[in-house]
Amino acid sequence: SPCPFGSSRHFRGCIHLWRELCSKQPPGDQGLEEQMGCCASEETGIPAEVAAEPLLESPPEESKEKFTVMIVGARGIRNTDWMPGLGKPDCYCEVKRGDKELYKTKVINDSMTPRWAEEFEVLEFEDGDTLEFKVYDKDVAGSDYLGKVVMSADAFMEKGCNDVFPMEEAGTNIKAYLGLKIRVQGQKEYPPGPPPKFEVTVEKTEGAQEYGLVIDTQDQKNLQVMSVDDGAFKKY
């Protein structure tokens with residue numbers, strides 16, 4: 001007679017019930033199988049029609065990143081290797097979430113504007129957590145601390161970020177910056193950075209003989225002067 005549970009596909013949901021019922025019947029009692037109208041496999045106790053088909057297991061869920069971070073580079077840092085013959089700092093950046101270290105960049109040797117452009121993924125990040133980026137100068141014995149940037153979730157979790165952030169504890173009268181990009185789930189690309197066109201005001205302090213501009217070249221892009229307003233700088 002046909003199986004009361006229909007096809008093997010419908011029977012899958014009753015396999016555990018079948019095993020339990022078969023385990024309770026007296027040894028050698030075949031009445032249950034006859035009542036059910038199915039033939040059981042000797043090895044599994046599961047009807048042969050079902051036992052012939054392997055049970056499908058759900059694939060394990062892959063852990064998805066909450067967001068991806070790129071440490072672009074730093075500028076404006078103080079020169080801790082200021083003594084003659086020592087050159088410039090050998091910089092690296094260390095990232096922590098609380099007490100847990102998440103990432104450490106390679107060391108960029110002999111540079112005041114280290115550029116890493118290194119990415120890493122963050123898989124765990126809870127409400128109230130912060131990302132702490134600390135920049136160091138690696139020495140033969142230990143490292144010199146150059147400053148840090150601390151970011152909370154509200155600074156990037158909604159739309160990501162792409163900007164240059166001022167570094168805390170960079171030193172007296174030191175204005176240092178760290179370039180960071182963050183893209184969150186659903187974003188294939190990092191958000192656009194600051195606008196490429198901007199205005200610069202040039203001033204000459206009292207007693208200075210020349211004008212000058214300090215240009216940040218760490219993003220390796222070109223700077224084109226579109227126009228210069230009338231005034232002393234244009235005449236210069």
Between [X] and [Y] (side chain of the first, backbone of the second, donor and acceptor by atom type, cut-off under 3.5 Å), is there such a pair?
| X | Y | result |
| --- | --- | --- |
| E132 | V149 | no |
| E118 | V72 | no |
| W116 | C93 | no |
| D137 | D90 | yes |
| R75 | G179 | no |

Which atom of [X] lies closest to which atom of [Y], heavy atoms considered:
| X | Y | answer |
| --- | --- | --- |
| E101 | E94 | OE1-OE2, 3.5 Å |
| K138 | S143 | CA-OG, 3.8 Å |
| P89 | R78 | CG-O, 4.0 Å |
| I174 | G76 | CG2-O, 3.3 Å |
| N162 | P191 | ND2-O, 2.8 Å |

If we only count heavy atoms from C-beta on, is the [X] to [Y] side-chain gap below 4.5 Å?
| X | Y | result |
| --- | --- | --- |
| V69 | V122 | yes |
| C161 | K181 | no |
| D163 | P194 | yes |
| N109 | C91 | no |
| L180 | F133 | yes |
| M151 | I182 | yes |
| L146 | T80 | yes |

How long is the straight-line distance from [atom2] of [Y] back to [atom1] of [X], given to the nearest 0.5 Å?
| X | Y | atom1 | atom2 | value |
| --- | --- | --- | --- | --- |
| D230 | K235 | CG | NZ | 8.5 Å |
| R115 | I108 | CZ | CD1 | 10.0 Å |
| I77 | Y177 | CD1 | OH | 14.0 Å |
| E124 | L102 | CD | CG | 9.5 Å |

Mind checking ring pair (Phe, Tyr, Trp, His ring centres under 6.0 Å) for F156 and listing every partner two or more places apart, or none if nothing turns up? F67, F125
State which residues pass ring pair (Phe, Tyr, Trp, His ring centres under 6.0 Å) with Y136; sequence neighbours excluded, sorted by chain then number.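 Y136 satisfies ring pair (Phe, Tyr, Trp, His ring centres under 6.0 Å) with Y92, Y145 only.
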Kindly indicate, with the supporting measurements, whether the criterion side-chain hydrogen bond (donor to acceptor under 3.5 Å, both in side chains) is fulfilled by E119 and Y103. CA-CA 9 Å; E119 283 184 328; Y103 190 78; over 6 Å; no
R97 vs D129, salt bridge (charged side-chain N to carboxylate O under 4.0 Å, His left out): CA-CA, chis, key distance, verdict: CA-CA 7 Å; R97 176 177 59 86; D129 286 349; 3.4 Å; yes
Can you tell me which residue pairs pass the salt bridge (charged side-chain N to carboxylate O under 4.0 Å, His left out) test with a partner in residues 165-176, sequence neighbours excluded?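 Qualifying pairs, neighbours excluded: K148-E169.
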